[in-house]
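Source: prediction; values computed, not measured. Below, chains carry the letters A, B, ... as their sequence lines are ordered, and counting in each starts from 1.
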Amino acid sequence: MSILGNKLIEMFELMFNHQGPLNWWPGEDTFEIMIGAILTQNTAWKNVEKAITQMKEKKILSPEAILTIDEEELSQVIRPSGYHRIKAKRLKDFVKFIFEKYGANLIKMKTRPLYALRDELLSIKGIGAETADSILLYALEKPIFVVDAYTKRILYRHKIISSSKDDYEDIQKLFMENLETDVALFNEFHAQIVNIGKNYCKREPKCELCPLKDFNLKR
DNA sequence: CTCCTGACTG
DNA sequence: CAGTCCGGAG
């Protein structure tokens, strides 16, 4: 294990021991996780839950329903998630891809190699690196590390990276080249980071209360 | 860089 | 009442 790998594990354990297992999307429906990953783009998860609840009530939380429903109507149903017009289009573009490439068979989709699938997802308008990786890790259980704004901020503040705007793929490599390739670890690690981000590592950080307050910082 | 959007927080 | 939210496109 590399020096950096040990540091990352230390960071993970500090977070995990304070916050406990976060159980992100355990046993949740694969398709629902994919939809959630798109709806949560720059949006608080609480608002995404409302949108998903409404989709269930209207019985449109399926590839078939999203493909056929009127885009305007879809945008109204997902309205609580914000950016509802553009996200309605993104959902439709996404399910079109699902149908064209995999006949909406998510089991079949899962058999495809990780990076082939990643390239396909990135070719869809509205699916960027973070959304693609969230779908790959949390819905399809592929071993890839999800990087987000919190990840960059936390690594920067704890001096693991020297600039707060390092490249997405570089930061992803930093985790993947120094940790065991483990879906469960990647899943929990990112979840822990997000929780630290929204509870402590905000723009105005609450360092005194943070589980990472003594991590890699000279006092 | 700006726009996209509603809901919630401090 | 401004800032922010599990970003991405133009």
Residues within residues 119-135 of chain A bordering DNA chain C, heavy-atom distance below 4.0 Å: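 The answer is A/Ile124, A/Lys125, A/Gly126, A/Ile127, A/Gly128, A/Ala129, A/Glu130, A/Thr131.
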
Non-neighbouring partners of A/Glu130 that pass side chain to side chain donor-acceptor pair (under 3.5 Å), sequence neighbours left out: none

Set of residues satisfying side chain to side chain donor-acceptor pair (under 3.5 Å) with respect to A/Arg157, sequence neighbours excluded: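 With neighbours one apart ignored, the set is empty.
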
Donor-acceptor side-chain pairing of A/Tyr168 and A/Asp133 below 3.5 angstrom: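 Distance-only check passes for A/Tyr168 and A/Asp133.
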
Residues which pass ring pair (Phe, Tyr, Trp, His ring centres under 6.0 Å) with A/Phe12, listed by chain and number, not counting sequence neighbours: A/Phe16, A/Phe189

A/Phe215: partners by ring pair (Phe, Tyr, Trp, His ring centres under 6.0 Å), with sequence neighbours left out: A/His158

Atom-pair distance ([atom1] on [X]; [atom2] on [N]), nearest Å:
| X | N | atom1 | atom2 | result |
| --- | --- | --- | --- | --- |
| A/Ile38 | C/dC5 | CD1 | P | 21 Å |
| A/Glu28 | C/dC6 | CD | P | 18 Å |
| A/Leu91 | C/dG8 | CG | P | 14 Å |
| A/Phe145 | C/dC6 | CZ | P | 16 Å |
| A/Asp148 | C/dC6 | CG | P | 9 Å |
| A/Arg153 | C/dG7 | CZ | C1' | 14 Å |
| A/Lys198 | C/dG3 | NZ | C1' | 17 Å |
| A/Lys152 | C/dC5 | NZ | P | 14 Å |

Connected-component partners of A/Ile86 among ILVMFWY, side-chain separation under 4.5 Å: A/Tyr83

Fellow cluster residues of A/Ile3, listed by chain then number, with links counted only when side-chain atoms sit under 4.5 Å apart: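 None; A/Ile3 is a cluster of one.
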
Side-chain ion pair, A/Glu204 and A/Arg153, N-O less than 4.0 Å: no

Counterpart residues, salt bridge (charged side-chain N to carboxylate O under 4.0 Å, His left out), relative to A/Glu141 (two or more places apart): A/Lys110

Partners meeting salt bridge (charged side-chain N to carboxylate O under 4.0 Å, His left out) with A/Arg79 (sequence neighbours left out):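 A/Arg79: no salt bridge (charged side-chain N to carboxylate O under 4.0 Å, His left out) contacts found.
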
Side chain to side chain contact (heavy atoms under 4.5 Å, CB included) partners for A/Asn23, two or more places apart: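 A/Asn23: side chain to side chain contact (heavy atoms under 4.5 Å, CB included) contacts with A/Pro21, A/Pro26.
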
Separation of the [atom1] atoms in [N] and [M], to the nearest angstrom:
| N | M | atom1 | answer |
| --- | --- | --- | --- |
| C/dA9 | B/dA7 | P | 24 Å |
| C/dG8 | B/dC8 | C1' | 23 Å |
| C/dC5 | B/dC4 | C1' | 14 Å |
| B/dT5 | C/dC1 | P | 24 Å |

List every contact pair, protein side and nucleotides 8-10 of chain B side both N or O, where the distance is under 3.5 Å.
| unit_1 | atom_1 | unit_2 | atom_2 | d |
| --- | --- | --- | --- | --- |
| B/dC8 | OP1 | A/Lys50 | NZ | 2.5 |

Kindly give the atom pairs (protein nitrogen or oxygen, nucleotide nitrogen or oxygen) under 3.5 Å for nucleotides 3-5 of chain B.
| unit_1 | atom_1 | unit_2 | atom_2 | d |
| --- | --- | --- | --- | --- |
| B/dT5 | OP1 | A/Arg85 | N | 3.2 |
| B/dT5 | OP1 | A/Ile86 | N | 3.0 |
| B/dT5 | O4' | A/Tyr83 | N | 3.0 |
| B/dT5 | O2 | A/Tyr83 | N | 2.8 |
| B/dT5 | N3 | A/Tyr83 | OH | 3.1 |
| B/dT5 | O4 | A/Tyr83 | OH | 2.2 |

Under-4.0 Å side-chain N/O to phosphate OP1/OP2 contact, A/Tyr168 with C/dG7: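 Result: no.
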
pi-stack flag for A/Tyr138 and C/dC6, centroid dist under 5.5 Å, interplanar under 30°: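 No.
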
A/Glu180 atom CD: more than 12 heavy-atom contacts under 6.0 Å: no

